[in-house]
Novice: 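Before I ask anything, let me first share the structure, which is written out below as structure tokens.
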Amino acid sequence: MRKTEVNPDNYTFACVLRACMEKSDSRGLRVVHGGVVVSGLEPDMTTSSALVNAYAKLGQVEEACNVFNKIAQPDLVLCNSMVTAYGHGGFWDKSLEMFREMLKMGIHIDGYTLVGLLSGFADPSLLEICQGIHGLCLKAGFDYNGYVGSSLVSMYSRCGCLYSGYRVFSSLSQVDLVIWSSLITGFSQSRDYEMAMLLFKEMNMKGVKGDAILTASVLAACAKFVVVQPGKEIHGYVFRHGLVLNVMVTSALIDMYSKCGFAHLGLRVFETASEKSVVVYNSVITGLGSHGLASQAFGIFEEMLFKRLIPDQCTFSALLNTCSHAELVKEGCDLFKRMEVEFGIAARTEHYVYMVKLLGMAGELGKAYDLIQKMPNPPDSGVLGALLSCCVVHGNLELGKIVSSQLSQLEPEKTAYGVMLSNICANDGKWDDVRKLRDDMVGIGLKKSPGLSRVGDGNVPYSNCNRDI
DNA sequence: ATAGGGTTAG
């Protein structure tokens with residue numbers, strides 16, 4: 001088009017911007033934005049709206065805001081885009097402010113406005129505001145709107161109030177797949193796995209067929225709760241409903257089998273899959289690695305490189321996890337270096353956790369401590385906690401004291417760290433030190449609540465189960 | 001030209 005006489009107009013740019021958004025192409029987005037600026041076209045609602053959406057989707061809310069501010073009299077669609085941009089960025093307060101601004105300007109809100117606004121609320125502390133918005137949805141007559149309905153259901157589940165979500169669900173006159181999906185996913189994410197499975201069955205009985213997103217989500221619930229039987233049934237469901245080719249379903253299946261202890265079944269799903277994404281590879285590497293099958297996991301990584309797939313941070317999490325399970329210290333250190341040098345991926349907190357576990361469990365506590373000192377950001381409780389457990393395993397009281405004092409500064413009310421430290425003394429028979437440490441905890445008003453574990457009997461699924469048993 | 005549910009990672 002650029003090589004012909006035909007010039008792009010605002011709508012052309014909006015279409016191309018949408019493509020950049022769908023492809024998550026930040027560079028392309030900047031280039032097209034540049035094209036809009038130099039095209040000589042007046043900044044208009046259509047392109048601005050597309051720009052706001054694209055920047056927000058790629059996490060650049062500030063840039064979205066800049067675009068928005070250049071328009072003197074934004075219309076409904078442009079305002080909706082901005083409300084949604086703030087909502088998706090997690091800036092619920094700014095989203096709400098924008099919403100109020102719209103009302104002040106006399107703009108009549110619609111379903112898009114409410115969906116955008118609702119998407120920003122994700123914390124139990126915001127429940128009252130959420131209820132207010134819910135009230136507004138009812139008063140403005142949007143209770144028939146399926147988009148608003150599903151947003152309300154997932155908003156309530158994000159705020160930890162799932163039974164309010166269930167009431168919204170029950171009040172809807174038309175229930176489609178996405179609304180079912182919001183509800184079922186909500187229950188499985190709130191750890192109410194049994195309810196999630198029950199609703200999934202009920203949905204199927206009503207003749208609604210699950211799609212890839214919902215099926216992957218239900219499989220994730222099976223993985224989280226370590227129940228292979230329903231997982232297998234859903235594997236059959238996947239075949240019957242033609243979902244085998246979907247990479248999301250494939251990775252969820254691999255993960256489900258691996259988490260339930262059947263790494264070989266996960267591997268079989270992997271081998272028979274025709275479509276394989278980076279996530280599919282990551283899932284199978286994680287599964288094999290967690291079962292100590294390091295050489296197979298490395299083999300799959302090689303295959304991935306051979307197929308010219310680009311490994312991501314998660315791939316290296318999986319690989320480092322593999323090394324720590326198989327006590328492969330040298331391989332782990334090499335991979336940690338390769339990740340940055342060869343693949344340009346900066347080490348994140350979880351990568352440091354794996355490295356600490358790898359070095360620490362091998363008895364290289366000094367090296368683990370040195371590595372932590374070199375972290376770009378100060379270590380959080382996850383990294384330090386990993387190091388403290390290694391101190392317990394190797395009976396290193398000296399380092400254990402240093403680490404646990406750093407931990408108690410980060411999380412003063414957590415009692416487990418003091419107990420771990422006292423266990424080092426107990427293993428060494430130093431009962432006077434044990435008593436002193438325990439007395440100190442009581443002295444500052446800390447009380448260790450006893451641990452509780454529950455085991456399923458093989459037929460009855462675990463409820464509230466602890467996977468470490 | 002704008003909406004809703006989302007697989008892998010401590």
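The chains referred to below are lettered A, B, ... by the order of the sequence lines, with proteins before strands, and numbering in each begins at 1. Since this is a predicted model, take the numbers as computed values, not measurements.
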Novice: Can you tell me how the ring of A:Phe142 sits relative to the ring of A:Tyr144, calling it parallel under 30°, perpendicular over 60° and tilted otherwise?
Specialist: parallel
Novice: Short question: side chain of A:His394, backbone of A:Gly360 - any donor-acceptor pair under 3.5 Å?
Specialist: yes
Novice: From C-beta outward on A:Lys259, which listed nucleotide comes closest to its side chain: B:dA9, B:dT7, B:dA3?
Specialist: B:dA9
Novice: Contact class for A:Val278 (heavy atom, under 4.0 Å): base, sugar-phosphate, or nothing?
Specialist: nothing
Novice: To the nearest Å, how far apart are A:Ile179 CD1 and B:dG6 P?
Specialist: 14 Å
Novice: Rounded to whole Å, how long is the line connecting atom CG of A:Leu117 with atom P of B:dG4?
Specialist: 13 Å
Novice: The side chain of A:Ser217 lies closest to which of these nucleotides: B:dG6, B:dA1, B:dT8?
Specialist: B:dG6
Novice: Minimum heavy-atom separation for A:Thr286 and A:Ser290, please, with both atom names.
Specialist: O-OG, 2.6 Å
Novice: Please report, rounded to the nearest Å, how far the C1' atom of B:dA3 is from the CD atom of A:Glu22.
Specialist: 13 Å
Novice: Tell me whether the centres of the aromatic rings in A:Trp180 and A:Phe200 are closer together than 6.0 Å.
Specialist: no
Novice: Under 6.0 Å between ring centres: does that hold for A:Tyr163 and A:Phe169?
Specialist: no
Novice: Does anything in residues 244-256 of chain A come within less than 4.0 Å of DNA chain B? Heavy atoms only, and list the residues if so.
Specialist: A:Val247, A:Met248, A:Ser251, A:Asp255
Novice: Among all residues two or more places apart in sequence or in another chain, which pass the salt bridge (charged side-chain N to carboxylate O under 4.0 Å, His left out) test with A:Glu364?
Specialist: A:Lys367
Novice: Of the nucleotides B:dA9, B:dA3, B:dT8, which one has an atom closest to the side chain of A:Asn282?
Specialist: B:dT8
Novice: Counting side-chain heavy atoms from CB outward, which of B:dA9, B:dG6, B:dA1 is closest to A:Gln189?
Specialist: B:dG6
Novice: Centres of the A:Tyr281 and A:Phe270 rings: under 6.0 Å?
Specialist: yes
Novice: Please work out if A:Asp312 contacts a base, only the sugar-phosphate, or nothing of the nucleic acid, heavy-atom cut-off 4.0 Å.
Specialist: nothing
Novice: Does any N or O donor sit under 3.5 Å from an N or O acceptor when you compare the side chain of A:Asp380 with the base of B:dG10?
Specialist: yes
Novice: Quick one, which residues of residues 205-213 of chain A touch DNA chain B with a heavy atom under 4.0 Å?
Specialist: A:Asp211, A:Ile213
Novice: Taking the side chain of A:Val279 as its heavy atoms from C-beta onward, which of B:dA9, B:dT7, B:dA1 lies nearest to it?
Specialist: B:dT7
Novice: Of all the heavy-atom pairs spanning A:Leu172 and A:Asp143, show the shortest one and how long it is.
Specialist: CD2-O, 3.3 Å
Novice: Where the side chain of A:Tyr112 is defined as all heavy atoms beyond and including C-beta, which of B:dA1, B:dA9, B:dT2 is the nearest nucleotide?
Specialist: B:dT2
Novice: Students often mix this up, so state it plainly: with edges at 30° and 60°, are the rings of A:Phe316 and A:Phe343 parallel, tilted or perpendicular?
Specialist: tilted
Novice: Using whole Å, what does the distance between atom C1' of nucleotide B:dT8 and atom OH of A:Tyr257 come to?
Specialist: 18 Å
Novice: Give, ordered by number, those residues of residues 45-73 of chain A having at least one heavy-atom distance below 4.0 Å to an atom of DNA chain B; if nothing qualifies, reply none.
Specialist: A:Thr46, A:Asn53
Novice: If you look at every heavy atom in A:Val153 and A:Gly165, which pair is closest and at what distance?
Specialist: CG2-O, 3.7 Å
Novice: When you measure from every atom of DNA chain B, which of residues 139-159 of chain A have a heavy atom less than 4.0 Å away?
Specialist: A:Asn145, A:Gly146, A:Tyr147, A:Ser150, A:Ser151, A:Ser154
Novice: Once side-chain contact (heavy atoms from CB on, under 4.5 Å) is applied, do any residues pair with A:Met248, and if so which ones, sequence neighbours excluded?
Specialist: A:Ile213, A:Ala216, A:Asn246
Novice: May I ask you to say what A:Ile184 touches in the nucleic acid, namely base, sugar-phosphate or nothing, with a heavy-atom cut-off under 4.0 Å?
Specialist: nothing
Novice: Which class fits the ring pair A:Trp92 and A:Phe121: parallel under 30°, tilted 30 to 60°, perpendicular over 60°?
Specialist: tilted
Novice: Whole Å only: how far is the CD atom of A:Gln313 from the C1' atom of B:dG10?
Specialist: 14 Å
Novice: Does A:His351 reach the main-chain N or O of A:Gln313 with its side chain, forming a donor-acceptor pair under 3.5 Å?
Specialist: yes
Novice: With heavy atoms under 4.0 Å as the rule, sort A:Gly116 into base, sugar-phosphate or nothing.
Specialist: nothing
Novice: Please tell me which of the listed nucleotides, B:dA9, B:dA3, B:dT7, lies nearest to the side chain of A:Cys314?
Specialist: B:dA9
Novice: Identify the two heavy atoms, one from A:Glu340 and one from A:Ala346, that lie closest to each other, and give their separation to 0.1 Å.
Specialist: OE1-CA, 3.9 Å
Novice: So, for A:Phe225 and A:Ser188, which heavy atoms are closest and what is the spacing to 0.1 Å?
Specialist: CE1-O, 4.1 Å
